Chemist: 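My structure is below; once you've seen it, I'll send some questions.
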Amino acid sequence: MPIDAKERLGVPPHPMPEQDPKERTKNVLEVPLGYDAETAMAEARRCLQCKTPFCMEGCPVGIDIPAFLQAVEDGDFREGIRIIKEKNLLPAVCGRVCPQETQCQLECTVGKVRKDPTKAVMIGKLERFLADWEREQGEMDVPELPEPTGKSAAVVGGGPAGLTVAGDLIKRGHAVTVFEAFHKAGGVLVYGIPEFRLPKEIVRKEVEYLQKLGVEFRYNYVVGKTITIEEILQEYDSVFVGTGAGLPKFLRIPGQNHLGVYSANEYLTRANLMKAYDFPESDTPVIRGKRVMTVGGGNVAMDCARTALRLGAEESIVAYRRAEEQMPARVEEIHHAREEGVNFHLLNNPTRIIGDDKGWVKEVELISMELGEPDSSGRRRPIPIEGSEHTMEVDVVIIAIGNSPNPLVPETYHDLETTTWGGIIVDETTGQTSVQGVFAGGDIVLGAATVILAMGHGRRAARAMDIWLKTGKWADLPELTRGQIEKEREEQ
Amino acid sequence: MHTITGKEQLGPDIHRYVVDAPRIARMRKPGQFVIIRICEEGERIPLTIADADPEEGTITLVVQAVGKTTRQMAMMEAGDHIRDVTGPLGKPTHIDKFGTVLCVGGGIGNAPLYPITKALQEKGNHIVSILGARTKDLFILEEEMASVSDRVVIATDDGSYGMKGLVTDAIEKVVKEDGVEADLCVAIGPPVMMKFVCLLTRELGIPTIVSLNPIMVDGTGMCGGCRVSVDGKIKFACVDGPEFDGHQVDFDELMARLRTYAPHEQEAMDRHEEACRALAGEEE
């Protein structure tokens, strides 16, 4: 039964049911529970099917959003997931961890008409619904692959960027091998993002799907150490470096090496990849503090603060030097953290971590801040308020203030040009590095960014790598790639 | 999967394993280490590579059973498999012609010290090895070390073998009494030993390299768990090390940080022993 735009606009958004905040901090299960088919179809009916779909402009990988929403509305879920997968190989992941509210949903006309972006069509939740629906159907469809081109690509790092490149290139008929440093593929999806936000089973299935397509995974390969880029270049026709954001940043304050002080990477890797929540069933421990302070205001900080609660913390505190409006974390993550009882100690910055006589964290000294003029990031600069120092008793401190790019590949392969902060320099259109045949993307180029931006990088690089593998033209690659992008646009 | 192709007991609770790892065997250089995980639920632990045979495609690991994982490993035999072996990690030792080098090993430290000593000798250095252990039974790799040293001085805490005393006593004897003029000292052993060796060599004016063994998770610079203070700055042992200028290392902090999981280690070990007892009971 067709309905008109006015009617569509009148339908309120369907929030996704969630685990009760009190209950969920006692388990590591996913917080949002998913839509049933009926709710998904009702939510999809809110899409106005705009002639100019602004939502698509907000999508870093250019998914045909109105088309997949129409398919959901029609109840044709198989078609819906097919449309998404044309552009996005990891919809179950992106539907969960993409910041849709600042991308597709920010541009959504429904949200704009209602003058409230939170009232936009729940595009991300519907993407997740389709991906979950497909997974629940059992066997995932394996598309027919083209004749092998006889060309090969090595992907260094099995994170979001690398997995995207692997999927895109295997679908274009090239042989692909992923070199992964850990014993599991997924990168930040498995070591960083917690189970309650992204069940690891989903990542495992996505990796399994790539394996089914013919991608070969080599685990425990630390490129630069176990194998060099030079060796890879002798064996493969091209290389994609997606080694991610490696080195955790620490604050420049005294006491950071006290016992019980973690980087977010270490805390989350222990808790997620190494399953410390299951200690002693699993062998890797983590200090389960009673009062845990996380320093930082991004998604990773929210992940740490919420993980602390699940590891039994009586109080989980987030200390952030600016105000809530400046927090880089997604609104949804802040909301979830607050619902679960995380305390926000905003406009406060640690100045010293104080230990006991055995070196264990005992207290953190902080100084209160006020906001001044905007800085280079456009956010108002926090200025310390003199004499506002105060201490808080805590037994675990987690530093979640970001990472620098992983140094292993640039350090062991000097031909690659890098920025002063250690990122690999690439051509924006193609991901080409300074070395012929070598491409790069994701956090090793961007610094610490998001899963979807890394995937966008992977997508662009894969397109250029495909042209490089087919033509062998390196210098002309940016131009050829731009031509290809133009062609793809016209085809739509 | 990596097959254990050989296992040999070197001392009480100390075993030498030869492990199938062709690529690592080919790539590794003295001073580097691997991270292993013995089973699916296992933890990742760093182990220094004691030797390698690129032709056979094997590496040698020397492991002292001190925690749950290393005790589990002590129960493994030739033919068993190690789930994951990652490496070679860390920066290799800077091998050069320095002149006279004191190679100081304490206990299990002789294992990582051996390949470094070997490389230093091949480079033409005069090697004086000073090897210590608590007691004679705990002494390992003496023959191997002797084969790559020009002189070996042995010390045990209880005097059951060699001179009675600590390695620092032996260093003092060699330098002050025998008049050995050392251009470099490489010291590997328990942190407390390295600390006191460094205090002494600083006084004696001998530049000293130490190899550190902090707690690690990924070993690729990602987690920062292995951070140590060197000259007041944060360094990551897995990517910046594991070797550092011993005179700049904050050993007290390292020793404190190594105790972080002591209660967890005890809990894991108690459970392990209980499981072993239960298993032994069933077999009877």
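Every heavy atom of this structure was used, including side-chain atoms; hydrogens, water molecules and symmetry mates were not. Residue numbering restarts at 1 for every chain, and letters A, B, ... go by the order of the sequence lines. Please read all numbers here as calculations on a predicted model, not as lab measurements.
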Chemist: Please identify, among B:Gly225, B:Ala268, B:Gly221, the residue contributing the most non-hydrogen atom pairs under 4.5 Å to chain A.
Modeler: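 Option with the top pair count is B:Gly221.
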Chemist: Heavy-atom pairs under 4.5 Å with chain B: which of A:Thr284, A:Leu247, A:Thr269, A:Leu268 has the most?
Modeler: A:Leu247
Chemist: If you count heavy-atom pairs within less than 4.5 Å of chain A, which of B:Glu253, B:Arg44, B:His272 leads?
Modeler: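 Greatest number of close heavy-atom pairs with chain A: B:Arg44.
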Chemist: Testing the basics here: between A:Phe182 and B:Asp218, what is the closest heavy-atom pair and its distance to 0.1 Å?
Modeler: CZ-CB, 3.4 Å
Chemist: Which region of B:Lys91, side chain (C-beta onward) or backbone (N, CA, C, O), has a non-hydrogen atom less than 4.5 Å from a non-hydrogen atom of chain A, or is it both or neither?
Modeler: both
Chemist: Check whether A:Ser263 reaches the backbone of B:Cys223 with its side chain - one donor and one acceptor, N or O, closer than 3.5 Å.
Modeler: yes
Chemist: Run the side chain to side chain contact (heavy atoms under 4.5 Å, CB included) check on A:Asn257 and B:Ile234 step by step: do they pass?
Modeler: CA-CA 9 Å; A:Asn257 295 348; B:Ile234 289 184; 3.8 Å; yes
Chemist: Shortest non-hydrogen contact from B:Arg227 to A:Val261?
Modeler: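 Residues B:Arg227 and A:Val261, closest heavy atoms: NH2-O, 3.0 Å.
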Chemist: At a heavy-atom separation under 4.5 Å, does B:Thr69 approach chain A through its side chain, its backbone, both, or neither?
Modeler: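 For B:Thr69, side-chain heavy atoms alone lie under 4.5 Å from chain A.
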Chemist: Is A:Phe279 in contact with chain B via its backbone, its side chain, both, or neither, using a 4.5 Å heavy-atom distance?
Modeler: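 Only the side chain of A:Phe279 comes within 4.5 Å of chain B.
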Chemist: Is A:Arg252 close to chain B through its backbone or its side chain, or both, or neither, when contacts mean heavy atoms under 4.5 Å?
Modeler: neither
Chemist: Could you tell me which portion of A:Tyr191 (side chain, backbone, both or neither) has an atom closer than 4.5 angstrom to a non-hydrogen atom of chain B?
Modeler: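 Only the side chain of A:Tyr191 comes within 4.5 Å of chain B.
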Chemist: Who in residues 406-415 of chain A is close to chain B, using a strict under-4.5 Å heavy-atom cut-off?
Modeler: A:Asn406, A:Leu408, A:Glu411
Chemist: Which residue in the set B:Arg271, B:His264, B:Glu41, B:Lys68 passes side-chain contact (heavy atoms from CB on, under 4.5 Å) when paired with A:Pro280?
Modeler: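 That would be B:Arg271.
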Chemist: Tell me, side chain or backbone of A:Thr226 under 4.5 Å from chain B's heavy atoms, or both, or neither?
Modeler: both
Chemist: Picking from A:Thr228, A:Leu273, A:Val222, A:Asp283, which has the most non-hydrogen pairs under 4.5 angstrom with chain B?
Modeler: A:Asp283
Chemist: Between B:Met222, B:Glu43, B:Glu267, who has the most heavy-atom pairs with chain A when the cutoff is under 4.5 Å?
Modeler: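 The answer is B:Met222.
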Chemist: For A:Ser404, is it the side chain, the backbone, both, or neither that has a heavy atom closer than 4.5 Å to a heavy atom of chain B?
Modeler: neither
Chemist: May I ask you to list the residues in residues 26-38 of chain B that approach chain A closer than 4.5 angstrom, counting heavy atoms only, ordered by number?
Modeler: B:Arg26, B:Met27, B:Gln32, B:Arg37
Chemist: Looking only at non-hydrogen atoms, find the nearest pair between B:Thr86 and A:Asn220 and report the distance.
Modeler: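 Answer, listing the atom of B:Thr86 first, then A:Asn220: OG1-OD1, 3.1 Å.
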Chemist: Please determine whether the number of non-hydrogen atoms from other residues, nucleotides or ligands lying under 6.0 Å from atom CD of B:Glu55 exceeds 12.
Modeler: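 Counting neighbours around CD of B:Glu55, 12 or fewer heavy atoms of other residues, nucleotides or ligands fall under 6.0 Å, so no.
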Chemist: When rounded to the nearest 0.5 angstrom, what is the spacing between CZ in B:Arg259 and NZ in A:Lys358?
Modeler: 8.5 Å
Chemist: Side chains of B:Arg257 and A:His258: do they bring a donor and an acceptor to under 3.5 Å?
Modeler: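 No, because no side-chain N or O of B:Arg257 sits under 3.5 Å from a partner of the opposite role on A:His258.
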Chemist: Quick one: CG on B:Asp84 to OH on A:Tyr219, what's the gap to the nearest 0.5 Å?
Modeler: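 One finds 10.5 Å between CG of B:Asp84 and OH of A:Tyr219.
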Chemist: Are A:Glu231 and B:Arg23 within salt-bridge range, i.e. N to O under 4.0 Å?
Modeler: yes
Chemist: Does A:Lys225 use its side chain to pair, donor to acceptor, with the backbone of B:Gly90 at less than 3.5 Å?
Modeler: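 The answer is yes, because a donor-acceptor pair under 3.5 Å joins these two groups.
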Chemist: Among the options B:Ser229, B:Gly219, B:Pro263, B:Pro88, pick out the one with the most heavy-atom pairs lying under 4.5 Å from chain A.
Modeler: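 Max contact count across the listed options: B:Pro88.
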Chemist: Mind checking whether B:Phe236 and A:Phe250 have parallel, tilted or perpendicular rings, split at 30° and 60°?
Modeler: perpendicular
Chemist: Which one wins on heavy-atom pair count under 4.5 Å against chain B: A:Gly359, A:Gly260, A:Ser282?
Modeler: A:Ser282
Chemist: If I measure from the heavy atoms of chain B, does A:Lys275 come under 4.5 Å with its side chain, its backbone, both, or neither?
Modeler: side chain
